[in-house]
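Working notes, structure below.
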Amino acid sequence: MNPHSIIVYVDDIKASLSFYKDLLGCEPVEHSSGFAMFPLGNSMMLGLWATPGVQPKISQSGSSEIAVSLPSQKSVDNACAAWKAAGREVVQEPTRMDFGYTFVGLDPDGHRIRQFAPVA
């Protein structure tokens with residue numbers, strides 16, 4: 001098995017496209033009126049698919065979590081501060097959990113973006 005991509009369903013492709021361009025610091029490698037694909041590294045891609053075009057139909061958007069590993073607790077604190085400075089919603093302030101130090105923010109559709117420093 002060779003996973004290729006993670007697809008998240010979005011209500012407003014333009015808002016999500018802008019959000020992820022800023023978050024990932026890159027342009028999509030593919031883009032249409034209902035879909036966008038971003039490179040994540042290590043041959044993985046992140047796809048944004050506008051809910052009206054999804055087949056088979058889905059019941060809701062905004063129920064996914066994307067986890068991003070960071071090198072240190074300080075980098076988690078800095079990422080959270082930058083997240084807030086950009087006006088993004090934080091739903092979990094930086095905190096220590098079993099797997100490491102983490103915070104969680106939301107994208108425009110309520111998908112959770114968890115940034116964490118793993119337990120060393």
Side-chain angles (χ1 to χ4, degrees):
M1 185 157 137
N2 187 18
H4 170 269
S5 56
I6 298 165
I7 306 293
V8 295
Y9 305 125
V10 301
D11 292 325
D12 182 340
I13 193 74
K14 289 181 183 177
S16 293
L17 183 62
S18 175
F19 177 88
Y20 282 98
K21 282 169 62 172
D22 182 52
L23 182 67
L24 298 172
C26 65
E27 294 291 322
V29 294
E30 182 181 331
H31 176 246
S32 69
S33 62
F35 187 80
M37 184 73 79
F38 287 91
L40 294 178
N42 297 325
S43 301
M44 284 296 293
M45 306 290 275
L46 173 65
L48 309 175
W49 196 354
T51 54
V54 175
Q55 293 295 324
K57 298 286 184 199
I58 60 164
S59 60
Q60 71 179 32
S61 63
S63 59
S64 300
E65 180 169 306
I66 299 168
V68 179
S69 178
L70 298 175
S72 67
Q73 180 175 322
K74 182 165 180 59
S75 61
V76 171
D77 289 334
N78 291 343
C80 186
W83 194 274
K84 289 178 178 179
R88 298 181 185 134
E89 185 176 359
V90 172
V91 295
Q92 181 183 45
E93 292 291 330
T95 188
R96 188 160 312 285
M97 299 186 77
D98 290 347
F99 56 85
Y101 187 70
T102 185
F103 87 94
V104 177
L106 299 180
D107 80 357
D109 288 280
H111 296 287
R112 294 160 53 133
I113 312 295
R114 178 178 301 278
Q115 297 186 49
F116 71 100
V119 173

Exercise for the section: Return the set of residues passing side-chain hydrogen bond (donor to acceptor under 3.5 Å, both in side chains) with Asp12 (not counting sequence neighbours), or none when no residue passes. Expected result: none
Handout entry: Residues which pass side-chain hydrogen bond (donor to acceptor under 3.5 Å, both in side chains) with Asn78, listed by chain and number, not counting sequence neighbours
Key = none
Practice task
With sequence neighbours excluded, tell me which residues meet side-chain hydrogen bond (donor to acceptor under 3.5 Å, both in side chains) with Ser75.
Solution key: Ser72
Problem - OG-CG distance between Ser16 and Leu23, expressed to the nearest 0.5 angstrom - result: 11.5 Å
Exercise for the section: With sequence neighbours left out, write down each residue that passes side-chain contact (heavy atoms from CB on, under 4.5 Å) with Ser18, or none if nothing qualifies. Expected result: none
Exercise for the section: Kindly work out whether a path of hydrophobic side-chain contacts (I/L/V/M/F/W/Y, heavy atoms less than 4.5 Å apart) joins Val104 to Val90. Expected result: no
Fill in the blank from the handout: In terms of heavy-atom contacts, Ala79 and Leu70 come closest through CB-CD1, 3.9 Å
Fill in the blank from the handout: Heavy-atom nearest pair, Leu17 first then Pro28, reads CD1-CG, 3.7 Å
Which pairs of donor and acceptor atoms, one on a side chain in residues 113-120, lie under 3.5 Å apart (sequence neighbours left out)?
residue: Arg114; atom: NE; partner: Glu65; partner atom: OE2; Å: 2.7
residue: Arg114; atom: NH1; partner: Gln92; partner atom: OE1; Å: 3.2
residue: Arg114; atom: NH1; partner: Thr102; partner atom: OG1; Å: 3.3

Practice task
With sequence neighbours excluded, tell me which residues meet salt bridge (charged side-chain N to carboxylate O under 4.0 Å, His left out) with Asp77.
Solution key: none
Fill in the blank from the handout: In short, side chain to side chain donor-acceptor pair (under 3.5 Å) pairs touching residues 26-40 with sequence neighbours left out are Lys21-Glu27
Practice task
Report whether Val76 and Met97 are members of the same hydrophobic cluster (ILVMFWY, side-chain heavy atoms less than 4.5 Å apart, transitive linking).
Solution key: no
Exercise for the section: Could you tell me which non-hydrogen atom of Pro39 sits nearest to which non-hydrogen atom of Met45, and how far apart they are? Expected result: CA-SD, 3.6 Å
Exercise for the section: Let me see the working for Asp107 and Ile66 under side-chain contact (heavy atoms from CB on, under 4.5 Å), right down to the final yes or no. Expected result: CA-CA 10 Å; Asp107 80 357; Ile66 299 168; over 6 Å; no
Practice task
Could I get the full list of ring-ring contact (aromatic ring centres under 6.0 Å, His included) partners for Phe19, not counting sequence neighbours?
Solution key: Trp83
Fill in the blank from the handout: In terms of heavy-atom contacts, Pro94 and Tyr101 come closest through CB-OH, 3.1 Å
Handout entry: same_hphob_cluster(Ile6, Val10) at 4.5 Å side-chain heavy-atom cutoff
Key = yes
Exercise for the section: Enumerate the residue pairs fulfilling salt bridge (charged side-chain N to carboxylate O under 4.0 Å, His left out) with a member in residues 33-55, sequence neighbours excluded, ordered by first and then second residue. Expected result: none
Handout entry: Donor on one side chain, acceptor on other, Tyr9 and Asp109, under 3.5 Å
Key = no
Problem - Where at least one partner belongs to residues 90-104, residue pairs that pass salt bridge (charged side-chain N to carboxylate O under 4.0 Å, His left out), sequence neighbours excluded - result: Lys84-Glu93
Handout entry: Hphob cluster co-occupancy, Met44 + Leu48, side-chain heavy atoms under 4.5 angstrom
Key = yes
Exercise for the section: With sequence neighbours excluded, tell me which residues meet side-chain contact (heavy atoms from CB on, under 4.5 Å) with Leu106. Expected result: Glu89, Val91, Arg112
